[in-house]
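Owing to the predicted nature of the structure, the values given are computational and were not obtained by experimental measurement. When a ligand or atom number is given, it counts from 1 through the structure's own listing order.
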Amino acid sequence: MNVIIIRYSEIHLKGRNRGYFESVLIKNIKTVLSGYEYTFTKNTARYTITNYSQEQEAEIIDILSAVFGISSISIAKQVDTDMEQIASACISLSHTSGTFKVETNRADKTYELNSQEISAKIGGSILASNPKLRVDVHNPDWIIYIDVRENKKTFCYREAIKCVNGMPVGTGGKGVLLLSGGIDSPVAGYMMAKRGMSLRALHFHSYPYTSALAKEKVITLAKLMKKYCINLTIDIVNVADIQTAIHNSCREDYMITILRRFMMRIAQRVADRIDASVLITGESLGQVASQTVESLVSTSSVTDKLILRPLIGFDKEEIIAIAKRIGTFDTSIQPFEDCCTVFLPKSPVIHPKLSDVVRIESALDIDTLVEQSLSNIETIIL
Ligand code: ATP
Ligand code: MG
């Protein structure tokens with residue numbers, strides 16, 4: 001019988017909070033596996049999944065390997081604690097060439113052989129099954145692990161599949177992620193979820209100035225992120241009227257600066273509704289005109305929420321590498337019109353002075369515009 005062994009990471013360092021971190025991790029594992037039949041067992045320092053369909057094994061591994069808090073997974077063979085059964089399981093796991101060693105952990109202290117004796121005996125059986133193999137205890141090409149459990153059952157397995165590590169989502173507070181259709185913001189969300197933050201995405205579109213496809217694209221992106229960001233939902237807000245108002249009453253070169261401030265005000269209100277204290281953006285210092293220090297100061301000053309910009313010190317190439325690894329890149333690069341491209345100024349202000357921004361936008365009825373856009377917010381459960 002195959003067993004999936006799940007090991008968790010940093011959370012075991014959390015001392016007195018360990019019980020809480022574990023309970024969140026277990027809840028998240030059960031959430032992502034909700035469509036599957038299986039038995040979940042909590043052991044010391046690891047969990048096991050048994051009684052699942054073999055056909056679904058690869059899918060289950062793929063799903064679990066995106067759950068923050070899990071450090072590695074192994075697919076093990078479970079046999080009775082009996083030398084013949086252990087030997088044949090280990091032989092079936094062996095590579096056909098190279099050097100190896102056997103490592104045994106014996107939780108069952110009543111078993112007649114100790115861990116060194118078990119390793120030596122099983123190592124001998126593996127060698128006898130294939131004369132091309134060699135033992136190398138210092139620098140082996142591959143390792144067979146044997147885990148003798150207290151219940152007279154033993155797990156045998158080969159390598160551990162490295163997973164995403166991080167902290168269980170839900171243990172790091174709540175944040176609203178400003179999610180555009182670009183490359184950066186999905187990566188920013190991924191990085192905060194990795195530290196345990198539970199996210200709600202917020203997207204601004206400008207229909208009918210931008211097409212309905214732009215909205216579909218961001219929903220696709222959010223769905224891709226859901227494997228990491230458990231329970232992610234997305235709110236969608238139309239800012240076309242706000243943009244028209246800015247266009248009609250404010251200097252052209254301040255269009256984006258002022259629009260960004262509206263985005264933050266709306267995001268703050270969405271965050272209040274869900275009791276979140278953090279706003280997250282994909283900004284990176286100097287990447288574009290709206291991401292200079294002065295621009296960041298100008299967007300920050302309209303909210304008292306903590307704004308986290310996890311990509312602030314990253315180069316575009318570094319962000320792209322992460323986007324590729326987490327699977328959002330191909331969707332992000334599909335062409336679409338962002339709301340920021342509507343009424344795009346020919347030369348946007350690069351170093352906006354806060355006092356100028358405040359004076360220029362005072363031509364607008366800010367509160368009413370924010371209220372109006374919030375009144376037709378659309379929430380999508382992914
Ligand atoms: P991205 O690749 O994330 O779109 P970008 O390099 O295109 O980033 P900007 O378009 O200037 O940069 O946006 C900076 C940040 O502002 C984004 O990372 C995102 O957090 C937020 N943002 C921009 N446009 C939108 C939008 N339409 N909806 C929600 N958030 C947005
Ligand atoms: Mg963008």
Side-chain angles (χ1 to χ4, degrees), residues 175-193 199-207 209-219 221-222 224-225 229 232 234-240 242-243 255-271 278-296 298-300 302-303 305 307-312 314-324 326 328-345 348-350 352 373 377-378 380:
V176 170
L177 168 68
L178 283 83
L179 183 64
S180 69
I183 296 168
D184 307 327
S185 43
V187 174
Y190 172 89
M191 293 184 74
M192 293 322 301
L199 302 183
R200 188 166 182 116
L202 173 62
H203 177 68
F204 300 101
H205 72 108
S206 200
Y207 188 79
Y209 300 129
T210 55
S211 74
L213 283 176
K215 193 169 115 182
E216 287 311 311
K217 178 185 174 185
V218 87
I219 293 171
L221 270 178
L224 290 171
M225 294 174 71
C229 311
L232 185 71
I234 181 165
D235 292 316
I236 299 189
V237 173
N238 191 331
V239 288
I242 293 178
Q243 287 176 282
M255 176 80 207
I256 293 187
T257 310
I258 295 173
L259 176 61
R260 282 260 183 273
R261 286 162 63 85
F262 272 97
M263 288 184 177
M264 283 298 163
R265 292 187 184 103
I266 296 167
Q268 150 145 324
R269 294 286 297 277
V270 170
V278 172
L279 307 179
I280 302 153
T281 76
E283 289 159 314
S284 149
L285 186 62
Q287 195 186 80
V288 287
S290 58
Q291 297 176 25
T292 59
V293 165
E294 293 83 356
S295 299
L296 298 178
S298 147
T299 36
S300 303
V302 294
T303 175
K305 299 282 178 196
I307 303 179
L308 292 176
R309 300 177 168 98
L311 307 183
I312 197 71
F314 278 52
D315 292 338
K316 195 75 186 186
E317 292 86 273
E318 293 170 310
I319 300 169
I320 288 173
I322 302 174
K324 286 184 175 163
I326 68 176
T328 52
F329 182 75
D330 290 343
T331 304
S332 288
I333 57 170
Q334 280 166 24
F336 85 117
E337 324 101 309
D338 187 39
C339 63
C340 301
T341 56
V342 178
F343 304 128
L344 190 69
V349 59
I350 295 173
S373 60
I377 193 167
E378 187 187 349
I380 293 170

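At least one N or O atom of Asp184, backbone or side chain, sits closer than 3.5 Å to an N or O atom of ligand 1. An N or O contact shorter than 3.5 Å is missing between Pro186 and ligand 1 by distance. By the 3.5 Å distance cut-off applied to N or O atoms, Val288 is not counted among the residues near ligand 1. Considering backbone and side-chain N/O atoms, Ile280 never comes within less than 3.5 Å of an N/O atom of ligand 1. Between Leu202 and ligand 1, no pair of N/O atoms sits closer than 3.5 Å.
The closest donor-acceptor contact from the side chain of Glu378 to the backbone of Ile236 lies at 3.5 Å or more, if one exists at all. Remark: the backbone N or O of Ala240 is paired with a side-chain donor or acceptor of Asn238 at under 3.5 angstrom.
Among Lys316, His205, Met263, Glu283, the residue whose heavy atom lies closest to atom 15 (C) of ligand 1 is Glu283.
When non-hydrogen atoms are compared, ligand 1 lies under 4.0 Å from neither the backbone nor the side chain of Val218. Neither the backbone nor the side chain of Leu177 has a heavy atom within less than 4.0 Å of ligand 1.
Taking the side-chain contact (heavy atoms from CB on, under 4.5 Å) definition, one finds that Ile377 meets it with Asp235, Val237, Val270, Arg273, Leu374, sequence neighbours left out. Under the side-chain contact (heavy atoms from CB on, under 4.5 Å) criterion, Ser295 pairs with Thr292, Pro352, not counting sequence neighbours.
Shown in contact with Thr281 at under 4.0 Å from a heavy atom are these atoms of ligand 1, numbered in order with element: 20 (O).
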For side chain to side chain contact (heavy atoms under 4.5 Å, CB included), just list the numbers for Gln287 and Ile319, CA-CA rounded to whole Å, side-chain angles, deciding distance to a tenth of an Å, and then say yes or no.
CA-CA 12 Å; Gln287 195 186 80; Ile319 300 169; 4.1 Å; yes
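Judged purely by distance below 3.5 Å, without hydrogens or angles, the side chains of Arg260 and Thr281 never pair a donor atom with an acceptor atom.
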